[in-house]
2 protein chains.
Amino acid sequence: MATIRDVAKLADVSVSTVSLALSNPARVSQKTLEKIRHAVAAVGFVADPLAQSLARGRSRMVGFVVGNVGNPFFGDIRRELENYALDHGHFVLVTDSSGKTEREKAMVEHLIGLKMAGLALAPSGHDQDYVDFIGGLNIPIVCFDQKVAGIERDFVGSDNHLAGAMLTEHLLQLGHRRIAFIAGPSHMHTATERYRGFMDTMANAGIEVNPNFVVDGQFTRTAGYEAAMRLLIQPERPTAILGANNAVALSALQAMQELGFRCPEDISLAMIDNVQWSSVITPRITMVVQDTLALGGIIARRLMHRITNPQGAVEPPQDFVLTPKFVPGNSCRRI
Amino acid sequence: MATIRDVAKLADVSVSTVSLALSNPARVSQKTLEKIRHAVAAVGFVADPLAQSLARGRSRMVGFVVGNVGNPFFGDIRRELENYALDHGHFVLVTDSSGKTEREKAMVEHLIGLKMAGLALAPSGHDQDYVDFIGGLNIPIVCFDQKVAGIERDFVGSDNHLAGAMLTEHLLQLGHRRIAFIAGPSHMHTATERYRGFMDTMANAGIEVNPNFVVDGQFTRTAGYEAAMRLLIQPERPTAILGANNAVALSALQAMQELGFRCPEDISLAMIDNVQWSSVITPRITMVVQDTLALGGIIARRLMHRITNPQGAVEPPQDFVLTPKFVPGNSCRRI
DNA sequence: TGATTAAATCGAACCGGTTCGATAGAGCTC
DNA sequence: GAGCTCTATCGAACCGGTTCGATTTAATCA
């Protein structure tokens, strides 16, 4: 590998002049610039990013930290960020914490050790320790998906209260009254908001929610399945189930199928967030989806803005909340 | 941030002794080791990974390069690799080329610039240029998924010929003769092998394959949909469709649903590779799946072996080919 | 006790860049 | 031609570690 000193020797100038010419060509005379360019081409010089990062104190990379890269929601956002960052000369490094807060912390620390220019982070934690940890990081960060109370950072997400309310209202319009809700973890902002959207809408309609109709699905497949089963074995069954996310809703569909209930004839089903092959799932689930492309675009622009604009780093944090979209399916019937 | 010089000053030893103590405690006297340990704790010293990588010439990170991290197949493998690598003190950095060979090359070069200890790579290219590129890299690499002719590296994958043959045989056993095949890109090893598995099995059964029954689905959703439509509008329709991967098969299912064909009553369907929510797709597709956990485990162990064992680097490349598994569904009927 | 060897520690060079103050020379003014 | 400003270039220090040959110290042996 050719080093900058090889270039300097060949071009017969000092190392510092080469470095200057490469980072700020305007400050070098035309003649020496030519010489240096030739030398660079001749020896095939490419600057070592590691050495650059060490000397500069920061790299031209941004980190993308989520709990599950396999989730298409995060996948879309990643793609948007990547395209935008690449256009602005930055590489995206992806890390997956598998939802484990401790692992996420370690990964974030590692990325910061790598002198990342910035981080796009879907927070996995929520306690004070975690908030302090994120707050103490001295690096541009854009948080997304989960809004964590206490974290003073840019945030990009969807209106989850509205998402819950939209589907609830839809079910009410279809005549449903016995609506069950499979909730997510209570420490997650998206989960509580969706739950509130459901409860508020029911309350506004003057309908009391049967406490047995609210079960905890933890946003996961296994817990969602269990929660759905608990709903379905009750003597007084709900006429509709609202899943707070895709995993719990589809687990409910599976449970229904296994017990011999037909959807939507016996029980209607609606969910928040899409999955990859929803178009071939029968019935097509009525859902509310987030605008992942828009979210990804905002995250990307905001982060790169903070990174590239000198004064961008000190701008006060801002929240960007997008409106989700209703996507009708045929999993909800009128009763 | 505390540096190694702060530690040396506090412990009243030289910088080199601190470095030595940290990397090879046995070669330092018990007394100084204690002093150094105390000093490290006192100033909160953590070695800068960047500086270490620069000085050592390599980092303690491995790169994971695929065309689509969102694909659960790659997701499972990533998880296995990550767990194993973490246990051996290495971080995994994920990059997604979106299937673009040029982007993949740039990413691989960037990772090598980062002095990665090794790479787990699902090759996206196939031409001589690409083979030369991969061959020219002086770093432990384990390739997986696609076997590329000419690349002399460890390879971990499944027996794709067998995968195609298994499903074909299954359909033959059920009495099908007019079996259609939605193929993948001809430059991909997995695609050609699966195709050969289909053709060989048909030939062995003495059945001539109608050329109109072999269509190109490019392993993608859109091309798969188009290919399936071409199959379904023929006057002489197939009684069964075999999709060379999950995307083309599920696109075919969608096309069938849209045209009003019932599966399996009108047309049977089988596919290679699972998808995330296959259990709630109706009908449950009969398929052959790869053992992703086993694949991931082998990739992880092989890569870490090459990285950590001094002589591991020079061992000749080896192929690991696993047997896929038949998973019956109810998308194929006897005729 | 002096010579020999092994163990512990150190100093300096190095990895490959960046940055900043110093210096030399060119161009301009009076 | 002295004085001044700008521009182009350079040298040296630095980022924060590692490594290796040299040196000091301690232990072993004749």
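We name chains A, B, ... by the order of the sequence lines, and we start the count at 1 in each one. Note that the structure is a prediction, hence the values are computed from the model and not measured.
- Interatomic distance, A:Asp129 CG to A:Thr101 OG1, rounded to the nearest 0.5 Å: 10.5 Å.
- Checking side-chain atoms of A:Glu104 against main-chain N and O of A:Ser97 turns up no donor-acceptor pair under 3.5 Å.
- Atom CD1 of B:Ile151 sits about 5.0 Å away from atom SG of B:Cys143, to the nearest 0.5 Å.
- Evaluation of the side chain to side chain contact (heavy atoms under 4.5 Å, CB included) rule for A:Glu109 yields A:Phe133 as partners, not counting sequence neighbours.
- Here CD1 of A:Ile141 is found 13.0 Å from CD of A:Glu152. Values are rounded to the nearest 0.5 Å.
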N/O donor-acceptor pairs under 3.5 Å from side chains in residues 62-75 of chain A, not counting sequence neighbours:
residue	atom	partner	partner atom	Å
A:Asn68	OD1	A:Gly70	N	2.9
A:Asn71	OD1	A:Phe73	N	2.9

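- Between A:Arg302 and A:Glu315, at least one side-chain nitrogen of the basic residue sits less than 4.0 Å from a carboxylate oxygen of the acidic one, meeting the salt-bridge criterion.
- Bounding nucleotides for the chain B contact on DNA chain D, 5' to 3', at a heavy-atom distance below 4.0 Å, are D:dG16 to D:dT19.
- Contact check of residues 28-43 of chain A against DNA chain D (heavy atom, cut-off under 4.0 Å) returns A:Val28, A:Ser29, A:Thr32.
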When you compare the protein's N or O atoms with those of nucleotides 4-7 of chain C, which come within less than 3.5 Å of each other, and at what distance?
none

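- Within 4.0 Å of B:Val46, counting heavy atoms only, lie sugar-phosphate atoms of the nucleic acid but no base atom.
- In this structure, A:Asp76 pairs ionically with A:Arg79, as a charged nitrogen and a carboxylate oxygen lie closer than 4.0 Å.
- As judged by a 4.0 angstrom heavy-atom cut-off over every strand, B:Thr3 is placed among residues touching the sugar-phosphate backbone only.
- Of the residues in residues 49-57 of chain A, those with a non-hydrogen atom less than 4.0 angstrom from any atom of DNA chain D are A:Leu54, A:Ala55.
- In this structure, the side chains of A:Ser53 and A:Arg58 stay at 4.5 Å or more apart for every pair of heavy atoms.
- Ring to ring, B:His126 and B:Tyr130 are not that close: their centroids are 6.0 angstrom or more apart.
- Considering only heavy atoms from C-beta on, A:Phe155 stays 4.5 Å or farther from A:Val148 through its side chain.
- Base contact: B:Val15 has a heavy atom under 4.0 Å from a base atom.
- Taking 4.0 Å as the cut-off between side-chain N and carboxylate O, A:Arg78 and B:Asp96 count as a salt-bridged pair.
- Counting heavy-atom neighbours within 6.0 Å of A:Asp87 CG, excluding the residue itself, gives a total above 12.
- Between B:Arg27 and A:Ala2, the residue anchored nearer the 5' end of DNA chain C, judged by the nucleotide with its closest heavy atom, is B:Arg27.
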